[in-house]
Every structure is written in C-alpha cells, then in structure tokens.
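Worksheet: one structure, shown below.
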Number of protein chains: 2
Amino acid sequence: MNLANSKPCVAFERHDHRDCQHQLMSAAKALCAKRNTRLTRRRLQVLEILLQSHQPMGAYEILAHINKAQSTQLTPQSRKKTINRGALQAVAPPIVYRALEFLLDEGLAHRIESKNAYICCVRPGHQRAAQFLICRGCEKVAELERHDLDLLTDAARVGFTVDSSVVEITGHCADCGKNAS
Amino acid sequence: MNLANSKPCVAFERHDHRDCQHQLMSAAKALCAKRNTRLTRRRLQVLEILLQSHQPMGAYEILAHINKAQSTQLTPQSRKKTINRGALQAVAPPIVYRALEFLLDEGLAHRIESKNAYICCVRPGHQRAAQFLICRGCEKVAELERHDLDLLTDAARVGFTVDSSVVEITGHCADCGKNAS
DNA sequence: AATAGTTATGTTATAATATAACAATATGAA
DNA sequence: TTCATATTGTTATATTATAACATAACTATT
Ligand SMILES: [Zn+2]
Ligand SMILES: [Zn+2]
Ligand SMILES: [Zn+2]
Ligand SMILES: [Zn+2]
C-alpha cells in the first residue's frame, strides 16, 4: 500500500482553514452526540483553541488562551473582584488537562509525545492509530493513517501484543525544505 | 524485509544479562575511544546505571541511584560535613541530564518519549533510527532496527525530508501477554 | 612543570509540564 | 424535588528539565 491509500497531509496543503475548522467542529459535535458524550463549554473552548492551527500547543499555551479570553470577558464587578484578589482571575491547569483528557479519549485531539504538546485531530472518528509528520520549519504537524505499519506485523511475529503506538517523524515539509539550507 | 533481517529483541529474551552489560560497556568504551570522545566517570556511572536493566529509567530515578551510591561512599569526614550542611550531599539534576545528553549524542542511550525516560542502547554504534516495543507488564523495552519503515518512504513521497523519528509501540511482550487477562 | 584554553562538573535557582485532593456547581434521572 | 453523578473550580504540589554561573579537570603548548 502506498500513500494513495492514505488521506492527504492536510496540514501541509494550502486549504481554506476556516472551512477546515468548521468541518472539524461539526464532526466533533456529531460524534459526541452519537456517542452520547458531553462536549461541554470548556471542552469546546479547548477544541476551538486547538483548531486554530495545525500546529501543536502546550497545555499552558492553551491555558494562556483561555485566560486571555476570560480577562476580556470580565464584567466590571468580576473585574473588581479579580483585582481584590490581587491577581488575575486565572483558570488553573487542571481545567485544561481535563478537557484535553476528554478530547484525547474521544479521538478529537492527539498528544505529540516528542513535544509534550497537543493537536487537533483532522480525522475525528478514525479507528486506527495515527502517525505524525512534524515540520521543524513551520511547526505544522500532518496526521497520517497507514494501516500497514509493517513494524506492527513484526511485533506480532515476536509475540508482542500491540495496545497503542507512537509514530512521530520530524523533519521539513516540502515548503520549508525548499527554504532550508 | 521481515524480522529475520532485524536483530532479535534482546530485552524480551532470556539471556545472560551480566554478560550483556559487560559487552555493551566494552562496546561503549571502544566507540568513545575510536571517536575520541570522553566517557568520563560521571558518564560511565550513568551508563552503568542504565545498563542495570532493559527497563527505561527517569532522570530523577538515575539521580537517586547516584545519590545512594554517594552516600554509601562517604568517608567519616565528608559524612560529618554532609550532616553539618543539614542535608544529604546530593548530586543535582543537571549532572544527570548532561551525562544523558552525552550518551544520547553518542548513541549509547535512547530517550523514550512516551515515558520521559531513558534506556541503554543495545546496539551501540548503529546508524539507523531505532524503534521500540514497550511492554506494560514487565516494563522492559526492546529496541528494533528496521531500515524500511515504509512511512519514511511515504513521507519522502509528499516532499517531507526526515531528520529523525520516534517509533514507540506499547503493549505486552510474549511472556506478559500469556499472563494478561 | 607552568600557563592558558577548553571541556566537564558542581551548585543554585527556577522554568515547564502534570497531577492529587477536595470543594462547589451543574446535569440528568427517579 | 431529590438524589446520584459528572463536570468544573481551586489550592497545593509532584515531576521533568534547563539557565546561569562557579569550580575543577583535562589538554596542549611553552
Ligand atoms: Zn486546516
Ligand atoms: Zn513546514
Ligand atoms: Zn541484557
Ligand atoms: Zn513483558
């Protein structure tokens, strides 16, 4: 099997990302509805943040986005309360990690192990494990889905039962490769 | 190509590990001598610790081993000095991380990204990227080396230039699979 | 051997990532 | 409503990793 059988590397292709976002968001909502799992406001917010780009984000980066949003949404009263507390009304890490846990469980986001970062899934609902191409130029991450990773076959051959796999290939995408020295 | 072309999964095979350790240590020394890089006492110590098993260790776990060794090697005088300082004469994290950096650069150890942990390389000097089978039962990690990871070919096909790869397969080894429910 | 340049180690402090534990709130079913 | 459960909020802390600078060890040259 060759790449023809894989879907394309969305992240590295010119595309209408606005549309991309909307489609992925709709798909996510549909999936959770079907599964009867709850895509709550917080979870939705984190998903929206991840959907902003095809670049992975650290949990604390996501947190910063949330807090920026919070601070601009403060009413005069809550702003005063915030000031009285002597610090910005900051949302704390567990909020983000729990939302991420949900998104990972539902297959709406992935964790990039080699970067301790998180990225939106571009194929919500896919069954098989994903593989990632990580560009060091533009920092975008493309998600592939091969179903014949020979290595898995080999693993089986030595009696190893596979639960999950992490495949992360780092380098330069076509665009960034051209400009690289 | 099938596994016959790969070397065996040492970690999952019964073997004389004492011998295994000695061989790997000799190979490491030989490599560094040939390359004219310095396998200093600290670096050697960390390598020795990693060679104790085929299970990956966290940096702070390695640190603990070092500190245990230090404390048992204290002379009466230095022990007194230690006590006077009010704390155990503890070696600090950078020591370990720097030794690990050296070992990773020399290809004498690997980082397991999905566990934030480090493991001795069982093929010091190998050129190609390694792939890992991580058992959730015994926690041992086997190192494979395929040179035809099809994914890399596919990456090239979409214009992606590969610098490095992380391939970590988690599951149960043959032994642990039998006992698992 | 003394000197100077370099590499490695030691030390202190702190950054970055992640989770435990418990309180408060919202949701959904009976 | 009332209870049970799931989610969110909050505080504190654990875990992993690095920055910055001081000291010591090694190397090559005089
Ligand atoms: Zn897009
Ligand atoms: Zn790129
Ligand atoms: Zn061994
Ligand atoms: Zn096992």
Side-chain angles (χ1 to χ4, degrees), chain A residues 32-33 35-47 56-67 69-71 73-74 78 81-82 84-106 108-109 111-119, chain B residues 32-33 35-47 50 56-67 69-71 73-74 78 81-82 84-106 108-119:
Chain A
C32 291
R35 292 173 180 164
N36 206 27
T37 53
R38 297 171 52 201
L39 190 51
T40 61
R41 225 168 48 264
R42 276 295 185 216
R43 291 165 177 176
L44 204 91
Q45 183 182 26
V46 170
L47 181 55
M57 295 183 74
Y60 280 74
E61 211 176 334
I62 295 169
L63 194 55
H65 277 258
I66 292 176
N67 282 331
Q70 298 275 102
S71 70
Q73 285 164 11
L74 290 179
S78 61
K81 191 167 144 201
T82 288
N84 287 342
R85 286 209 192 171
L88 218 62
Q89 184 89 313
V91 160
I95 300 288
V96 169
Y97 283 102
R98 287 193 289 226
L100 284 172
E101 186 184 22
F102 174 86
L103 297 173
L104 295 177
D105 285 350
E106 295 295 323
L108 302 175
R111 178 177 157 86
I112 304 298
E113 297 290 347
S114 57
K115 304 197 72 162
N116 294 337
Y118 305 85
I119 193 164
Chain B
C32 291
R35 291 172 180 165
N36 205 27
T37 52
R38 297 171 51 200
L39 191 51
T40 60
R41 220 161 57 261
R42 276 296 186 214
R43 291 164 178 176
L44 205 92
Q45 184 183 25
V46 171
L47 181 55
L50 288 179
M57 296 182 74
Y60 280 73
E61 211 177 334
I62 295 170
L63 195 54
H65 277 258
I66 292 177
N67 283 330
Q70 299 274 103
S71 71
Q73 283 163 13
L74 290 178
S78 62
K81 193 168 142 200
T82 287
N84 286 343
R85 286 211 193 171
L88 217 62
Q89 185 90 312
V91 160
I95 299 290
V96 169
Y97 282 102
R98 287 194 288 227
L100 284 172
E101 186 184 22
F102 175 86
L103 297 174
L104 295 176
D105 285 350
E106 295 296 324
L108 302 175
H110 298 289
R111 177 177 157 86
I112 303 299
E113 297 291 345
S114 56
K115 304 198 73 163
N116 294 337
Y118 305 85
I119 193 165

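Letters A, B, ... mirror the listed sequences (proteins, then strands); counts begin at 1.
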Would you mind reading off the distance between [X] atom [atom1] and [N] atom [atom2], rounded to a whole angstrom?
X	N	atom1	atom2	result
Ile62(A)	dA18(C)	CD1	P	10 Å
Met57(A)	dA18(C)	CE	C1'	17 Å
Ile95(A)	dT19(C)	CD1	P	15 Å
Ile112(A)	dA18(C)	CD1	P	13 Å
Asn36(A)	dT7(D)	CG	P	11 Å
Glu101(B)	dT9(C)	CD	C1'	13 Å
Leu44(A)	dT8(D)	CG	P	11 Å
Leu63(B)	dG10(C)	CG	C1'	13 Å

Taking all non-hydrogen atoms of both residues into account, name the closest pair between [X] and [Y] and its distance.
X	Y	value
Leu63(B)	Val91(B)	CD1-O, 3.5 Å
Ala109(B)	Leu50(B)	CB-CD1, 3.8 Å
Ala117(B)	Gly58(B)	CB-N, 4.1 Å
Leu108(B)	Cys32(B)	CD1-SG, 4.0 Å

I would like to know whether Asn116(A) and Asn116(B) meet side-chain contact (heavy atoms from CB on, under 4.5 Å); could you show each step before the answer? CA-CA 10 Å; Asn116(A) 294 337; Asn116(B) 294 337; 4.1 Å; yes

Output a table of donor-acceptor pairs, distance under 3.5 Å, between side-chain atoms of residues 97-105 of chain B and any protein atom two or more places apart or on a different chain; print 'none' if there are none.
none

Produce the list of close N/O pairs, under 3.5 Å, pairing protein atoms with atoms of nucleotides 15-24 of chain D; give distances to one decimal.
residue, atom, partner, partner atom, Å
dA17(D), OP1, Arg111(B), NH1, 2.5
dA17(D), OP1, Arg111(B), NH2, 3.0
dA17(D), OP2, Tyr97(B), OH, 3.0
dA17(D), OP2, Tyr118(B), OH, 3.2
dA17(D), O5', Tyr97(B), OH, 3.4
dA17(D), N7, Tyr60(B), OH, 2.7
dA17(D), N6, Tyr60(B), OH, 3.2

Could you work out, with side chain to side chain donor-acceptor pair (under 3.5 Å) as the rule, every residue matching [X], not counting sequence neighbours?
X	result
Thr40(B)	none
Glu106(A)	Arg35(A), Thr37(A)
Arg38(B)	none
Arg42(A)	Gln45(A)

Distance below 4.0 Å between Thr40(B) side-chain N/O and dT9(C) OP1 or OP2: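 The answer is yes; a side-chain N or O of Thr40(B) sits under 4.0 Å from OP1 or OP2.
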
Tell me, for nucleotides 25-30 of chain C in 5' to 3' order, what letter each nucleotide earns: B for a base near a protein heavy atom under 4.0 Å, S for only sugar-phosphate near one, - for neither? --S---

Toward the 5' end of DNA chain C, which comes first, Ala92(B) or Ala99(B), by nearest nucleotide?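 Looking at DNA chain C, the more 5' nearest nucleotide goes with Ala99(B).
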
Roughly how far, to the nearest 0.5 Å, is CZ of Arg111(A) from CD1 of Ile119(A)?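 Answer for the CD1-CZ pair, Ile119(A) versus Arg111(A), is 13.0 Å.
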
Give me the bend of the helix from dA1(C)-dT30(D) to dA30(C)-dT1(D), using the axes of the five pairs at each end, rounded to 10°.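 Rounded value for the end-axis angle: 30°.
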
